[in-house]
Amino acid sequence: MDMETKGETSTATFSELLRSPNDVAEAAEHGSVTITRRDGQDLVLTTAQTAQNSRDGLRFAASIVAAAVVESPTTFVQGLHAAFPWMTFLSEREQQQLADELVSLARGCAAVDRFEPLSASVRGWEATAQAYAAGIPRDSSDIDWLTDSEPVSRPV
């Protein structure tokens, strides 16, 4: 088997997993194995204990962040700038909304072990900051929104 190893993570193809499942499983005992696939997203094989430790760590981190915000919400918002420098383009009110949303979503996502809503929120806020940086006004009354769809001819 030609598994590629980097530190404690290894990479194997889906075909290698099918040909040598015991070898791939053994490698997963020593660190995560990324299973690459041509026709789909890559998979990660790890031990149940490693996955549980990751979930626990995320839950603890979410709880710690929530506790820190209760003590000093302003400092938390300022600290977020290190992780998300694009926050500079958001208003102070929007920055506080972002901070509140991140804490709430982090705790909720950690509780159900699904982090897609948290990722979507961060991407959405970043896109808003990018729009402001590009000059799109905060006041949407200056924008002509298209509300009705109109058929167009096929371009030639």
Side-chain angles (χ1 to χ4, degrees), residues 1-136 138 140 145 149:
M1 186 170 74
D2 296 329
M3 282 199 319
E4 181 182 327
T5 302
K6 295 178 184 172
E8 292 201 17
T9 63
S10 302
T11 303
T13 64
F14 193 74
S15 297
E16 289 172 326
L17 173 64
L18 295 175
R19 279 194 305 270
S20 306
N22 290 337
D23 292 341
V24 175
E26 184 179 333
E29 292 282 337
H30 303 288
S32 298
V33 178
T34 300
I35 308 296
T36 59
R37 302 184 306 164
R38 283 184 291 218
D39 299 331
Q41 292 186 17
D42 291 350
L43 306 172
V44 176
L45 180 65
T46 190
T47 64
Q49 185 62 51
T50 299
Q52 184 61 47
N53 290 344
S54 294
R55 286 190 295 271
D56 290 345
L58 288 169
R59 279 192 201 96
F60 298 149
S63 297
I64 290 166
V65 167
V69 171
V70 170
E71 291 296 317
S72 183
T74 305
T75 305
F76 177 66
V77 172
Q78 292 168 347
L80 283 176
H81 279 267
F84 308 117
W86 45 260
M87 285 178 61
T88 300
F89 298 103
L90 302 176
S91 69
E92 286 185 23
R93 184 180 63 77
E94 290 168 324
Q95 290 179 28
Q96 187 60 55
Q97 286 177 317
L98 166 62
D100 294 343
E101 189 173 310
L102 289 181
V103 171
S104 176
L105 283 172
R107 293 182 81 188
C109 289
V112 298
D113 197 28
R114 297 299 304 222
F115 291 89
E116 294 87 351
L118 181 60
S119 294
S121 175
V122 171
R123 284 192 305 271
W125 279 105
E126 183 177 12
T128 299
Q130 289 172 343
Y132 291 157
I136 294 177
R138 283 180 161 72
S140 63
W145 295 99
S149 60

State, to 0.1 Å, how close Phe89 and Ala129 come at their nearest heavy-atom pair, and which atoms those are. CB-O, 3.7 Å
Of all residues at least two apart in sequence or in a different chain, which pass the side chain to side chain donor-acceptor pair (under 3.5 Å) check with Gln49? Asn53
Residues passing the ring-ring contact (aromatic ring centres under 6.0 Å, His included) test with Phe84, sequence neighbours excluded, are Trp86
Applying side-chain contact (heavy atoms from CB on, under 4.5 Å) to Ser15 and not counting sequence neighbours gives Thr13, Arg19
Find the distance between CG (Leu43) and CG (Leu17) and round it off to the nearest 0.5 Å. 8.5 Å
Under the salt bridge (charged side-chain N to carboxylate O under 4.0 Å, His left out) test, residues paired with Glu116 that sit two or more places apart: Arg114
Tell me every residue that passes side-chain contact (heavy atoms from CB on, under 4.5 Å) with Ser149, counting only those two or more places apart in sequence or in another chain. none
Not counting sequence neighbours, which residues clear side-chain contact (heavy atoms from CB on, under 4.5 Å) with Ala51? List them please. Thr46, Arg55
Considering all heavy atoms of both residues, which atom of Ser32 and which atom of Val44 are nearest to each other, and what is their separation? CB-CG1, 3.9 Å
Working to the nearest 0.5 angstrom, can you tell me the gap between Leu98 CG and Ser91 OG? 10.5 Å
Decide if atom CD of Gln97 counts as having more than 12 heavy atoms of other residues, nucleotides or ligands within a radius under 6.0 Å. yes
Partners of Thr36 by side chain to side chain donor-acceptor pair (under 3.5 Å), sequence neighbours excluded? none
Results of side chain to side chain donor-acceptor pair (under 3.5 Å) for Glu29 - residues two or more places apart only: none
Specify the closest pair of heavy atoms between Ala28 and Thr47, including all atoms of both residues, with the distance to one decimal. O-CG2, 3.5 Å
Check salt bridge (charged side-chain N to carboxylate O under 4.0 Å, His left out) between Arg93 and all other residues, then give those that pass, not counting sequence neighbours. none
Sub-3.5 Å donor-acceptor pair from the side chain of Ser121 to the main-chain atoms of Leu118, do we have one? no
Show the numbers, then the answer: is there a side chain to side chain contact (heavy atoms under 4.5 Å, CB included) between Phe76 and Val103? CA-CA 10 Å; Phe76 177 66; Val103 171; 3.7 Å; yes
Residues passing the salt bridge (charged side-chain N to carboxylate O under 4.0 Å, His left out) test with Glu126, sequence neighbours excluded, are none
One should read off an interatomic distance between Phe14 CZ and Asp39 CG, to the nearest 0.5 angstrom, of 10.5 Å
Side chain to side chain contact (heavy atoms under 4.5 Å, CB included) between Ile35 and Val24: does it pass, once the steps are laid out? CA-CA 9 Å; Ile35 308 296; Val24 175; 3.8 Å; yes
List for me each residue that meets side-chain contact (heavy atoms from CB on, under 4.5 Å) alongside Pro21, sequence neighbours excluded, and say none if there are none. none
Using the test side chain to side chain donor-acceptor pair (under 3.5 Å), find all partners of Arg38 that sit at least two apart in sequence or belong to another chain. none
Tell me yes or no: between the side chains of Gln96 and Asp100, is some donor less than 3.5 Å from an acceptor? yes
Work out which heavy atom in Ala106 is nearest to a heavy atom in Phe115; give both atom names and the distance. O-CE2, 4.5 Å
What is the distance from atom CE of Met87 to atom CD of Gln78, rounded to the nearest 0.5 Å? 9.5 Å
